[in-house]
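So the structure is just underneath, and the comments pick up after that.
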Amino acid sequence: MAKVMMKGNEAIAKAAILAGCRYFMGYPITPQNEVPEYFSRELPLVGGTFVQAESEVAAINMVYGAGASGARVMTSSSSPGIALKQEGIGYCVKGEIPCVVVSMMRGGPGLGTIQPSQSDYLQATRGGSNGDYHIPVLAPGSVQEAVDFVKESFEIAQCYRTPVMVLCDGLIGQMMEPVELDHEPTKREMPDLSTWALGYSPKGKTNTVINLDIDAPNCEKENIRFFEEKYPAIEKNEVRWEEFMMDDAEYAFVSYGTTSRIIKNAVKALRAEGMKIGLVRPQTLWPFPQKPFENKNIKKWIVGEMNMGQMVPDVQLACGRKEDVLFYGRTGGMIPTPEEYIDFVKKELGGAK
Amino acid sequence: MVTDDKRVRIISGHYGSGKTEFAVNYAARLARQSDHKIAFADMDIVNVYFRSREVRDKIMAMGIRMIDSSVGAGADLPAIPAESFAPFEDKSYEYIIDLGGNDVGTIVLGRYRQWIDLAETDFFMVVNIFRPDTNSVEKIISSKESLEQASGLQVTGLINNANLARGTTAADLLKAETMLSQVSRQTNVPIKYTSYVEEIVTDMTEEIKKQLSGEIIPMTYFMRETWM
């Protein structure tokens, strides 16, 4: 299929519809407004339903209902809006509701700025909701990858019966890029809707979706099932990352999303000066890739994010060498330049040796 | 010649057509060729990123009077300053207006309607045929009509800004030329300019240039960062 130019937010909504999403509930917030705008225009044309809810809290709970009924459903928001949705995301975890949540991060904390940021890494990967849980978090690095990851997210959500978050910085949503829309997601074995979804109960059985456990022993049993069965399966099957110029690398950046693109330019520039440096780009932030950090040739890991270093502990844990992890980032909606990373590396590591 | 266009140039187009990149490059060209004072207004009330106010300093360095939001480049407020009226009244200015996309973006013109003198106004429509909503003759015409309905102005010139960002080729511009010529024939609106980023479209030849309508505006990226 020929490439088309799309803005990230539009492309995300388009990809969701192509993935079979027919329900979207959300509440406007910059910089993701083109997502609901696109759905509001396009969903009715394919027999779907768009609801502008009265709040983010209402939206995520409508998602709970649609997802419990076996529908492919999405909501999206930006940082403070995602904060509001957290309770509902936890409910979706407990109810094992397949759904996709797009988080288009802006500068925080609080109302913050409308400029791009990655300062909700911890909110996404450590859970802003209550209880013992994880949700898969996919972090696209381009508009094309946003399209592909949205499609994957619907498959992952339904396969493991879990909310899935697509975590983007605002630039991914606002950037205009050529995309191909016909990439097929990986096929996964899906639980049949008749085994769990409301409205699909086979004769003589009633499917239920439950959030309240009256008994603690049962709640514990369910939690253990998640941690012994569901999460290990996701960790095994769904972890993704990209390695860029890592073959002979002695130093490595670790970065995701838009920052990783900026850093790729820094890597190329530093390579041109003779420095053996590469980039590990986690594409899933949970599960966090462990394997690329087994690389013993790497003397220093340089984490780059648009935040104050939220991924640093994950890199420290993965490489097992706390003292060898450096960090440079910008925050509050500021975007670093390739030159800033080049200067940082030269200052900290002395450049080419 | 950009100097031959009407005194007030309103740059409109479908959402994401590349209006701002074109408008800033057009301004740069006009600043080089014209002896008049030039004002540039960012009247984009639709986009939140990639607005011409982000390159305010570069526009001002061209010797152009920059008019944009009075509440800072980063605010999510569709604020347009009273200063925007000045170049309508002060006819010693050449005036370039960078609108937001779609019919929604042109609504802002309503405020200025009584100051817009049709005899001295060009209303350009920037088209990128690789945008899904303007990828056929029919869709381009329908998009043109909705811009005209919302603004109350007639499009006076089409701009072929076919692009796939850094993947644009000369063949892409030729494909758009064919489509826009048909639009032009059906609507009697000329293709005034064909614009592309010179460092990207490396396979452009003099032979191909001859097949492209209107004046060619070679562009450089103002809005797209090197890593984008």
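Just so it is clear, the model here is predicted, and its values are computed rather than measured. The sequence lines fix the lettering, A, B, ..., with proteins before strands; numbering per chain opens at 1.
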task = Let me know if B:D133 has heavy atoms under 4.5 Å from chain A in its side chain, its backbone, both or neither.
result = side chain
Most chain B-contacting option - heavy-atom pairs closer than 4.5 Å, from A:N33, A:I114, A:I335 = A:I114
message = A:T331 vs A:N307, test: side-chain hydrogen bond (donor to acceptor under 3.5 Å, both in side chains). Steps then yes/no.
response = CA-CA 5 Å; A:T331 178; A:N307 62 36; over 6 Å; no
request  = Output yes when a side-chain donor or acceptor of B:R9 lies under 3.5 Å from a complementary backbone atom of B:I96, and no otherwise.
outcome  = no
message = As a test of understanding, state which of A:R281, A:Q283, A:E305 forms a side chain to side chain donor-acceptor pair (under 3.5 Å) with A:Y256.
response = A:E305
inquiry  = Centre-to-centre under 6.0 Å for B:Y95 and B:F40, is that the case here?
reply    = no
ask   = If only atom types and distance count, is the side chain of B:N102 paired as donor or acceptor with the main-chain N or O of B:V104 below 3.5 Å?
value = no
query = In terms of heavy-atom pairs under 4.5 Å, which option from A:P116, A:S142, A:G333 contacts chain B the most?
reply = A:P116
inquiry  = Heavy-atom cut-off 4.5 Å, strictly under: side chain, backbone, both or neither for B:R166 against chain A?
reply    = neither
message = Would A:Y27 and A:Q52 count as a side-chain hydrogen bond (donor to acceptor under 3.5 Å, both in side chains) here? Give the steps.
response = CA-CA 6 Å; A:Y27 187 83; A:Q52 180 169 323; 5.8 Å; no
task = List for me each residue that meets ring-ring contact (aromatic ring centres under 6.0 Å, His included) alongside B:F85, sequence neighbours excluded, and say none if there are none.
result = B:Y112, B:W115
key: Winner by heavy-atom pair count (cut-off under 4.5 Å) against chain B, out of A:T258, A:L171, A:T113   = A:L171
message = If you apply the rule side-chain hydrogen bond (donor to acceptor under 3.5 Å, both in side chains), what do you find for B:Y49 with B:E54, and how did you get there?
response = CA-CA 8 Å; B:Y49 298 178; B:E54 291 171 17; over 6 Å; no
task = Could you go through the side-chain hydrogen bond (donor to acceptor under 3.5 Å, both in side chains) check for A:T259 and A:Q118 one step at a time?
result = CA-CA 9 Å; A:T259 315; A:Q118 296 177 314; 2.8 Å; yes
Option in B:N128, B:N163, B:N47, B:T168 with maximal non-hydrogen atom pairs under 4.5 Å from chain A = B:N163
Residues A:E145, A:R261; criterion salt bridge (Lys or Arg N to Asp or Glu O under 4.0 Å); working and verdict = CA-CA 12 Å; A:E145 211 166 65; A:R261 281 168 80 132; over 6 Å; no
request  = Between chain B and each of A:K14, A:E10, A:E177, A:K264, count heavy-atom pairs under 4.5 Å; write down the option with the most.
outcome  = A:E10
key: Donor + acceptor pair across side chains of B:T106, B:D103 (<3.5 Å)   = no
task = Could you name each residue pair satisfying side chain to side chain donor-acceptor pair (under 3.5 Å) that touches residues 191-200 of chain B, not counting sequence neighbours?
result = B:D5-B:K192, B:D5-B:Y193, B:N161-B:S195
task = Would you please go through residues 19-32 of chain B and name the residues with a non-hydrogen atom below 4.5 Å from one of chain A, in numerical order?
result = none
ask   = Without hydrogens or angle criteria, can the side chains of A:E34 and B:Y15 be said to hold a donor-acceptor pair below 3.5 Å?
value = yes
Within residues 134-149 of chain B, residues adjacent to chain A where the heavy-atom gap is under 4.5 Å = none
